[in-house]
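We name chains A, B, ... by the order of the sequence lines, and we start the count at 1 in each one. As a basis for the values below, the full set of heavy atoms in this structure was taken, side chains included, without hydrogen atoms, waters or symmetry mates.
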Number of protein chains: 2
Amino acid sequence: MTTLVNTFAALADDTRLGIIERLMADGEQPAGDLVARSTISGPAISRHLKILREAGLIAQRTDGNRRLYAVRPEAMQAIANWTMDHRRFWEAGLDRLDAMLSEESHD
Amino acid sequence: MTTLVNTFAALADDTRLGIIERLMADGEQPAGDLVARSTISGPAISRHLKILREAGLIAQRTDGNRRLYAVRPEAMQAIANWTMDHRRFWEAGLDRLDAMLSEESHD
DNA sequence: TGTCTATTTAACTAAATGGCTAAATTGAAG
DNA sequence: CTTCAATTTAGCCATTTAGTTAAATAGACA
C-alpha cells in the first residue's frame with residue numbers, strides 16, 4: 001500500500017474521521033476526552049488511535065497518566081498536495097475556484 | 001457513513017487509487033483498458049469500478065459494447081474543499097516563509 | 001506498599017472486503 | 001438467429017476490520 005492509500009484508509013471510517021476533525025477543531029486532547037465524546041468503548045477508540053498514529057495522521061505524547069493526541073500537519077499536507085497535483089481535474093468546469101479559495105468554510 | 005468517509009473509503013485501496021490516477025492522467029477509458037493495465041482479473045476490476053461509481057468518484061457511459069469511465073471532478077473537489085477547510089492545520093509550521101511574513105517584529 | 005485512574009493489549013466474534021472462476025448479459029457482426 | 005467480444009453478476013473462500021469484555025500496564029499518591 002502506498003503512503004497515500006494508507007492515509008485514505010485511516011480516514012475511511014466515521015469514528016476516525018470524527019477524531020481527526022475534533023482534534024483539528026479543539027486541538028490536542030487526551031484519549032479519555034475522545035472516549036467521552038464517542039458512543040463506542042474505550043478500547044475501540046484506543047485501537048482507532050493506534051491506526052491513526054501508525055498511518056502518521058496523529059502524534060502521541062505522554063503527560064503523566066494520560067496520552068495526548070494531536071493531528072500531524074504533514075499528513076494533512078500530503079492530501080492537500082495530492083489534490084493540488086490534480087487540481088486541473090476538479091477545477092475543470094467549475095467556475096467558482098476563486099470563490100472557493102477565499103471562502104472560510106464549506107460542506 | 002458521511003459522503004466524505006465514503007470518498008476516502010473508495011480511495012483506500014491501491015487498485016482503486018491507481019484507476020483514479022490513470023483516469024486523471026489519460027482521460028476517459030473503457031474497462032478493458034483498465035483491466036489490461038492491471039494484474040488482477042476483469043471481474044475484480046469491474047467490482048472496483050462499481051465501488052468507485054457508487055462512491056461518486058467516476059462516471060460511466062456506454063459506447064456500444066464498451067463502458068467508458070471517467071473521473072468526476074465534483075468528487076475530487078469535495079476532497080479539495082475539505083483540505084481547504086482545514087488549511088490552517090497543514091499550513092501551520094510548514095511554511096516558514098509565510099510564518100516570517102506574518103510576524104511583525106522578529107529578527 | 002497498595003490502590004485509583006487512564007489507557008492499552010488480549011481474546012473472541014460478526015461482518016465486510018477483495019480475490020478467483022464460472023455463468024449471465026448486452027451489443028455488434030456475420 | 002448465431003456467434004463473438006466486452007463487461008458484469010453470482011458463488012465461493014480467505015483475510016481483514018471493528019466491535020465487545022476482561023486482563024494487563026503505567027503513573028500518581030496516600
How long is the line joining CD1 of A:I40 and C1' of D:dA18, in whole Å?
8 Å
Strictly below 4.0 Å: does A:R16 bring a side-chain N or O up to OP1 or OP2 of D:dA18?
yes
Please report the distance, rounded to the nearest Å, between CG in B:D14 and C1' in D:dT15.
16 Å
Nearest-Å distance, OH (A:Y69) to P (C:dT7)?
8 Å
Assign the ring pair A:F8 / B:F8 to parallel, tilted or perpendicular, where the plane angle (0 to 90°) is split at 30° and 60°.
parallel
Just how far, in rounded Å, is P of D:dT17 from NE2 of A:H48?
12 Å
Any side-chain N or O of A:S46 less than 4.0 Å from the OP1 or OP2 oxygen of C:dA6?
no
Ignoring the backbone of A:A44, work out which of D:dG19, D:dT9, C:dC20 is nearest its side chain.
D:dG19
Taking the side chain as every heavy atom from C-beta outward, state whether B:L57 and B:R72 have any pair of such atoms under 4.5 Å apart.
no
Give A:T62 one of three labels, base, sugar-phosphate or nothing, depending on what nucleic acid heavy atoms sit under 4.0 Å from its own.
nothing
Residues A:W82 and A:Q77: side-chain donor-acceptor under 3.5 angstrom
no
Using whole Å, what does the distance between atom P of nucleotide C:dT8 and atom CG of A:L34 come to?
10 Å
Taking for A:G42 and for A:N65 the nucleotide of DNA chain C with the nearest heavy atom, the one nearer the 5' end belongs to A:N65
Rounded to whole angstroms, how far apart are CZ on B:R47 and P on C:dA24?
19 Å
Ignoring backbone atoms, establish whether B:Q60 has a side-chain N or O less than 4.0 Å from OP1 or OP2 of D:dT7.
no
Evaluate the side-chain proximity of A:V71 to A:I20: yes if any heavy-atom separation is below 4.5 Å, no if none is.
yes
Does the ring centre of A:H86 sit less than 6.0 Å away from the ring centre of A:W90?
no
Looking at the base of D:dG27, is there any donor atom on it, or on the side chain of A:R66, that sits under 3.5 Å from an acceptor on the other one?
no
By nearest heavy atom, map A:I51 and B:V35 onto DNA chain D; which one lands nearer the 5' end?
B:V35
Can a side chain N or O of B:S41 be found less than 4.0 Å away from OP1 or OP2 on C:dG19?
no
Would you kindly give the CD1-to-C1' distance between B:I45 and D:dT9, to the nearest whole Å?
16 Å
Heavy-atom nearest nucleotide on DNA chain D taken for B:L68 and for A:R67; more 5' hit belongs to B:L68
Check this one for me: any side-chain N or O of A:T39 less than 4.0 Å away from OP1 or OP2 of D:dG19?
no
Can you tell me the distance, in whole Å, between the CG atom of A:D63 and the P atom of C:dT7?
10 Å
